[in-house]
K.L.:
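Here it is: the structure, laid out below.
When a ligand or atom number is given, it counts from 1 through the structure's own listing order.
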Amino acid sequence: MEDKLFKDFEVFLQRSDKREEIVPEAVIRFYNERKADARLDSCLNMAHPIRAFYIIHRIYKDWSTVINSLNGNKTIAYQPMVSDFLTKYQSTLTKLGFWPTFDDVSGLADNILRLWSVYDLDIKDIMNGEVASEGTRPLKKTEVETIAHTANLVQMDYYHLSLLSELLNRTEDQHEKEEYQKRMNKAYYTAKTRRMSVLWVPALAYTDFKKYNERRIVLREANKTSISQNDIYTLFIQPSDFEKLCCKPLKTKREESKLSCYLKETALPFYFAKEEVVHYEPRISVFYDVISDDDIRYLKRVATKTLHDSSVGVGHVGRVRVSLTSWVPDQAHPKVSKRLARRIANIVNLDTTFKSRASPVEHWQVVSYSTGGYFNEHLDPNLETNQYIWEATEESQKYLQPYGKFQGHRIATWMLYLSDVKAGGETVFPLLKARIPVVKGAAAFWYNLLPSGNVDGRTRHGGCPVLLGSKWVSNKWIHESGQEFKRPCGKTVDSEDVYPDKYLPQHNAQVY
Ligand SMILES: O=C(O)CCC(=O)C(=O)O
Ligand SMILES: [Fe+2]
């Protein structure tokens with residue numbers, strides 16, 4: 001859409017020039033800058049977090065400035081070419097239905113900040129527009145300002161100050177330098193005070209003197225003429241275990257060496273599944289080549305029609321999950337669904353046939369993440385809903401479809417990877433140090449419940465932020481209902497599953 005608008009814009013400028021119509025200087029400047037970017041954007045690629053950011057930033061900020069400067073200028077607004085272009089812009093806007101807002105821009109800036117913090121990127125690379133060795137053009141000052149502004153909004157103080165310090169170092173203008181210095185002082189002071197006040201709340205018993213003294217220290221530090229990199233570093237927050245595991249593998253060589261890949265017997269005598277075990281006890285497996293490209297295309301095509309912001313639980317959109325979700329009903333294409341369901345059943349020996357009531361499975365949940373998209377760590381079972389009939393309350397069953405009632409909890413997760421990803425996006429289990437790379441056509445499988453039916457807290461997992469590219473997955477959640485004779489329950493509440501892996505050397509179940 002922006003390309004089309006740019007073409008109209010180009011025609012407008014050429015014709016205006018011919019007719020000797022006046023066009024403001026700033027508009028011409030914008031044209032030249034946009035043209036310089038066009039070479040990079042022509043391979044139109046929103047898969048790069050920095051390019052995705054600056055394209056939307058440009059549409060939100062620069063295009064709006066151009067349009068306003070044409071619209072608001074009484075001496076030129078009547079010129080035929082100007083008014084013709086403004087009409088075209090209006091029709092683009094109507095067709096599009098929306099124009100990016102500040103929220104969209106800061107959402108994309110937030111993505112860059114998340115990737116920077118999780119993957120410990122180098123600020124110099126970010127400034128140069130480079131992520132995971134893939135470059136685009138360097139960031140402009142106004143763009144860095146917007147990212148810094150967002151960092152301030154989301155209280156990522158270390159990143160806010162690092163960006164301000166970078167802006168300070170880049171400018172030669174003495175006045176500007178002073179301005180940045182002042183902003184850094186203020187940001188540093190605010191961040192420190194905020195952190196101390198957090199400490200103060202539970203410590204009300206502390207004497208006023210102590211508070212007074214701490215505040216004095218903060219003030220003294222804030223009045224420093226220059227804030228050093230060491231000062232900035234005091235604001236750094238250590239990444240969570242989930243983030244650390246996204247950044248790099250954490251299992252030792254010894255732990256890794258106990259894992260294996262093998263051909264697993266299935267319910268079909270001639271079909272062996274390619275299983276890679278990424279963790280024993282609880283067992284987390286990846287099965288390769290379990291869905292064809294045609295079936296992947298089908299799931300994506302149907303899902304694309306109804307993709308919407310992902311929610312967690314009932315209707316909540318938040319920072320826990322940045323992605324788009326869609327549900328593809330099993331009935332939408334019974335042949336494909338049956339084929340896929342049978343394959344899962346053959347491999348994991350659970351009932352996966354969709355039923356209209358107390359179904360052992362949910363519909364296909366298709367999730368699409370673009371660059372920066374992620375799903376923070378969580379457990380899949382939702383303990384408030386999905387109970388068996390004897391546990392259910394009217395309230396808990398209220399939002400469920402008939403097929404979802406009395407089906408018990410999500411006993412297991414079968415998650416298909418419908419795409420590859422250029423960088424990032426692994427599924428990780430921080431408590432187990434297990435990582436699953438995104439491989440198109442593969443599926444991850446694990447039990448969320450222990451054989452006793454208790455939730456297995458060790459299966460906390462999440463989808464790491466996508467660094468480059470986009471990631472598609474599809475969940476098939478398998479429920480307790482129907483599996484009563486398929487998965488033996490253990491002798492005690494803590495009993496583990498027993499796997500007769502005859503192809504594997506006998507290993508101690510516990511990996512040290
Ligand atoms: O995208 C991922 O890797 C994890 C997704 C997930 O855990 C979920 O959808 O419940
Ligand atoms: Fe999950």
Side-chain angles (χ1 to χ4, degrees), residues 111 114-115 118-119 240-243 245-247 249 276 278-279 282 284-287 290-291 296 299-300 303 307-314 316-328 361-386 409-449 455-479:
N111 282 348
R114 182 178 314 115
L115 295 172
V118 173
Y119 294 108
S240 65
D241 288 349
F242 166 69
E243 291 169 336
L245 190 57
C246 285
C247 192
E276 179 180 352
V278 296
H279 198 272
I284 317 279
S285 296
V286 191
F287 294 99
V290 287
I291 178 169
I296 287 180
L299 280 176
K300 280 185 177 171
L307 280 175
H308 54 275
D309 278 343
S310 300
S311 60
V312 181
V314 182
H316 169 75
V317 180
R319 279 170 61 88
V320 179
R321 197 174 182 191
V322 177
S323 58
L324 298 173
T325 300
S326 173
W327 290 89
V328 177
V361 286
E362 295 178 40
H363 291 303
W364 296 99
Q365 186 197 52
V366 179
V367 185
S368 146
Y369 303 86
S370 37
T371 161
Y374 76 115
F375 193 171
N376 217 336
E377 53 183 318
H378 62 279
L379 290 164
D380 281 353
N382 176 352
L383 297 187
E384 265 120 55
T385 54
N386 306 124
H409 292 297
R410 287 172 174 168
I411 194 172
T413 298
W414 173 271
M415 189 173 77
L416 287 165
Y417 294 95
L418 306 183
S419 71
D420 291 309
V421 105
K422 275 195 182 163
E426 289 89 348
T427 307
V428 299
F429 296 72
L431 300 178
L432 311 174
K433 293 194 264 169
R435 294 172 109 226
I436 305 179
V438 181
V439 176
K440 188 176 177 186
F445 176 81
W446 68 91
Y447 280 110
N448 296 301
L449 306 184
V455 174
D456 189 343
R458 299 168 299 177
T459 63
R460 283 187 77 79
H461 63 280
C464 298
V466 172
L467 192 51
L468 274 181
S470 62
K471 166 182 165 191
W472 288 74
V473 300
S474 180
N475 288 301
K476 187 57 139 180
W477 278 299
I478 307 172
H479 283 251

K.L.:
If you look only at pairs with a residue in residues 365-377, which of them pass as a salt bridge (charged side-chain N to carboxylate O under 4.0 Å, His left out), with sequence neighbours excluded?
P.N.:
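Checked against salt bridge (charged side-chain N to carboxylate O under 4.0 Å, His left out) - neighbours excluded - the pairs reaching residues 365-377 are Glu377-Arg460.
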K.L.:
Do Tyr369 and Val322 come close enough that some side-chain heavy atom pair is under 4.5 Å?
P.N.:
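Contact flag for Tyr369/Val322 side chains = no.
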K.L.:
Do Val361 and Trp414 have side chains that get closer than 4.5 Å, going by heavy atoms?
P.N.:
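SC-SC contact between Val361 and Trp414 ruled out.
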K.L.:
How far does NZ of Lys300 sit from CH2 of Trp472, to the nearest 0.5 angstrom?
P.N.:
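Spacing of NZ (Lys300) from CH2 (Trp472) equals 6.5 Å.
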K.L.:
Can you list everything that forms a side chain to side chain contact (heavy atoms under 4.5 Å, CB included) with Ala442? Sequence neighbours excluded, please.
P.N.:
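Testing Ala442 for side chain to side chain contact (heavy atoms under 4.5 Å, CB included), a comparison that skips the adjacent residues, returns Val286, Tyr288, Tyr417, Val439.
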K.L.:
One pair to check against side chain to side chain contact (heavy atoms under 4.5 Å, CB included): His409 and Asn448. What are the steps and the verdict?
P.N.:
CA-CA 9 Å; His409 292 297; Asn448 296 301; over 6 Å; no
K.L.:
Provide the protein N, O or S atoms situated under 2.8 Å from the Fe ion (ligand 2); waters are not included.
P.N.:
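Correct list: His378 NE2, Asp380 OD1, His461 NE2.
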K.L.:
Treating His308 as the side-chain partner and Thr325 as the backbone partner, does any N or O pair qualify as donor plus acceptor under 3.5 Å?
P.N.:
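Yes; at least one donor-acceptor contact below 3.5 Å.
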K.L.:
Which protein residues come within less than 4.0 angstrom of ligand 1, counting heavy atoms only?
P.N.:
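Under the 4.0 Å cut-off, ligand 1 touches Arg321, Tyr369, Phe375, His378, Asp380, Met415, Thr427, His461, Gly463, Lys471, Asn475, Trp477.
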K.L.:
Do you know which of Thr459, Asp380, Ile284, Ile478 makes side chain to side chain contact (heavy atoms under 4.5 Å, CB included) with Thr413?
P.N.:
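Only one of Thr459, Asp380, Ile284, Ile478 forms a side chain to side chain contact (heavy atoms under 4.5 Å, CB included) with Thr413, namely Asp380.
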K.L.:
Please confirm whether the ring centroid of His461 lies under 6.0 Å from the ring centroid of His378.
P.N.:
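Yes, they do, as the ring centres are separated by less than 6.0 Å.
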